[in-house]
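See below for the structure under consideration.
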Amino acid sequence: MRTATLGPTERVEALAAMADRELDVLVVGAGVVGAGTALDAATRGLSTGIVEARDWASGTSSRSSKLIHGGLRYLEMLDFALVREALKERGLLLERLAPHLVKPVPFLYPLQHKGWERFYAGSGVALYDAMSLSSGHGRGLPVHRHLSRSRALRVAPCLKKDALVGALQYYDAQMDDARFVTTLVRTAASYGARAASRARVIGFLREGERVVGARVQDVEAGVAYEIRAKQIVNATGVWTDDTQALIGERGQFHVRASKGIHLVVPKDRIHSTTGLILRTEKSVLFVIPWGRHWIVGTTDTEWDLDKAHPAASSADIDYLLEHVNTVLATPLTRDDVQGVYAGLRPLLAGESDATSKLSREHTVAHPVPGLVVVAGGKYTTYRVMAKDAVDEAVHGLDQRVAPCVTEDTPLLGAEGYRALWNARARIAARTGLHVVRVEHLLNRYGSLTEQILDLIAEDPALAEPLPAADDYLRAEIVYAASHEGARHLDDVLTRRTRISIETFDRGTLSARECAELMAPVLGWDDRQIAKEVEHYEKRVEAERESQRQPDDLTADAARLGAPDIVPI
């Protein structure tokens, strides 16, 4: 296995290596599906490259509800196959593939009607648990339980007494979505894949009707590369149609964007030991435990404006507050909201009614020789989508290729995680860190925590927490730039950490210190440090302004008031 370090040197080397000789597979887009596809291809022994126009997971895959779940509501739609598939993947991630990143999380479903609703909802949750267990990977989670109103209020004292007559409690799982994708990319790199972020596809290479490669621009250096590949996989999510347009071919399906926004509030604003799932007139609303915070979401509205920076409007925020407050004894207000983020779901929309019904299903197509397109789906089933995409690409390769092995390929940090967790008190004693700090590191990096501890051993000052975001150590900021491919301050504050949504200042008080920690790794001078900080502050102000606007159009205009990051 090669190194899994994704520092600035490795990025330059990866671009040069991809341009040097023809790849078997080039993946375009490094969200969860693209990263999963690169890992699948690399672990089949295929020479693999992956390029991303911005940062790992910078689109949909860093702006989700942070859940790995079977999709309980899809049972109501009788979509048993999708639920069964997702529950199997949930179990694999919890037990084998990423136990350091994917954790159980309890949810309480308040019942509002006596008799029939307990039977109806209870039957659905019982089927959910049964399908999980029948997958062979569901034994890591407790089964559901029925609660009386008094017991439910002991578990979740935040609820109004008249908001429920009883409740059901069941379990799903959660993760930090952006961290998960970064780990996927690094795992693919460890198996030989070449990976480069800030590398935008600006065109495709053709020989006759066949696609034989891509023209890729290094956004940082302004240099263009021609990367040839036997098969290219378009895994660009909500940008699928834009990427397809570069070859001038009409797609077999289209991908439309649906906007979902989430609010982040401090833990003490909602007094509960469990997450909540609530019905709305359109869908469901989650209140999800998130460290020292809660995530409240989500909305589901059409979006046809800027895809890179979807904006949350004042109406979106009011919608979530209004709906969650219907059950809370102490209502949330705007002042309670620490962070807001908006993401776009890629939903399939075909040219016929039959295709449009695909919705959260995924599809794989081979529109022209040499180009595979994968789109739709949901975060939890990324591995299945990646397998299907590589299976389709293999049809176009003139060679025997091994079958998918990702079901048995743990992500980096998983091997040895449980043993280190058991030894966390000894690690704390050895390093001088508090055991809570060690637990924090293990649940973010798994067995790669040793690399963070090595940085601290070299420079003990890195063991100090960031003053304005003390959940994170200074070493984590350095590590993000040296090992995890962070190229800009925004990458660190928004995706390698979650400082941008977990602090009331949204990361502005930590910006300069983080930029100064990144500077030696990335070769920044004082001028570039100032640029990075200025850009980040303008981004935060533009987001705040967008969240004061009444609708999508004005929110989008306000958000676009901040320019994109200035390259070095």
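Residue numbers start at 1 and run along the sequence shown. Since we're looking at a predicted model, the values are computed, not measured.
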Under 3.5 Å: donor-acceptor pair, side chain of R11, backbone of A196: no
For a side chain to side chain contact (heavy atoms under 4.5 Å, CB included) check, start with the C-alpha distance between V540 and K538, then their side-chain angles and the critical distance, and finish with the verdict. CA-CA 5 Å; V540 170; K538 285 183 176 177; over 6 Å; no
Would a distance-only check, ignoring hydrogens and angles, find a side-chain to backbone donor-acceptor pair under 3.5 Å from E532 to A515? no
Across all chains, not counting sequence neighbours, the salt bridge (charged side-chain N to carboxylate O under 4.0 Å, His left out) partners of R496 are D55
Using the side chain to side chain donor-acceptor pair (under 3.5 Å) criterion, which residues pair with D556? Sequence neighbours excluded. none
Which heavy atom in W56 sits nearest to a heavy atom in E484, and how many Å separate them? NE1-O, 3.4 Å
For S258 and E302, indicate whether the former's side chain and the latter's backbone hold a donor-acceptor pair under 3.5 Å. no
Matching residue for E541 among R559, R548, R506 - test: salt bridge (charged side-chain N to carboxylate O under 4.0 Å, His left out): R548
Donor-acceptor check, side chain of S500 to backbone of G507, threshold 3.5 angstrom: yes or no? no
Looking at A4, is its backbone amide N or carbonyl O close enough to the side chain of R186 to form a donor-acceptor pair, meaning the two atoms are under 3.5 Å apart? yes
Where is the tightest heavy-atom contact between K307 and D242, given as atom of each residue plus distance? NZ-OD1, 3.3 Å
More than 12 heavy atoms of other groups within 6.0 Å of E415 CD: no
Without hydrogens or angle criteria, can the side chains of W290 and E502 be said to hold a donor-acceptor pair below 3.5 Å? yes
Between T43 (side chain only) and V405 (backbone N and O only), is there a donor and an acceptor less than 3.5 Å apart? no
Just checking, is any N or O donor in the side chain of R90 or S132 under 3.5 Å from an acceptor N or O on the other one? yes
Donor-acceptor check, side chain of Y341 to backbone of S64, threshold 3.5 angstrom: yes or no? yes
Check A312 against V340 and note the closest heavy-atom contact, atom names and distance. CB-CG1, 3.7 Å
Just how far is it from atom CG of N234 to atom OG1 of T243, taken to the nearest 0.5 Å? 4.5 Å
When you look at Y191 and L39, which way does the side chain to side chain contact (heavy atoms under 4.5 Å, CB included) test go after all the steps? CA-CA 8 Å; Y191 285 101; L39 176 59; 4.0 Å; yes
For L553, look at atom CG and say whether over 12 heavy atoms of other residues, nucleotides or ligands are found less than 6.0 Å away. no
Partners passing ring pair (Phe, Tyr, Trp, His ring centres under 6.0 Å) against Y319 (at least two apart in sequence or in another chain): H323
By side chain to side chain contact (heavy atoms under 4.5 Å, CB included), which residues pair with T380, not counting sequence neighbours? I68, H69, A86, E89, K378
Give a yes or no on whether the backbone of A57 and the side-chain of S62 come within a donor-acceptor separation of less than 3.5 Å. yes
List in chain and number order the residues that pass ring pair (Phe, Tyr, Trp, His ring centres under 6.0 Å) with H483, two or more places apart in sequence or in another chain; answer none if no residue qualifies. Y479
Strictly distance-based, threshold 3.5 Å: is any side-chain N or O of T494 a donor or acceptor partner for the main-chain N or O of D491? no
Any residue meeting salt bridge (charged side-chain N to carboxylate O under 4.0 Å, His left out) with R228, in chain and number order, not counting sequence neighbours: E207
Has the side chain of T298 got a donor or acceptor atom that lies under 3.5 Å from a matching backbone atom of H262? no
In terms of heavy-atom contacts, does CZ of R200 have more than 12 from other residues, nucleotides or ligands at under 6.0 Å? no
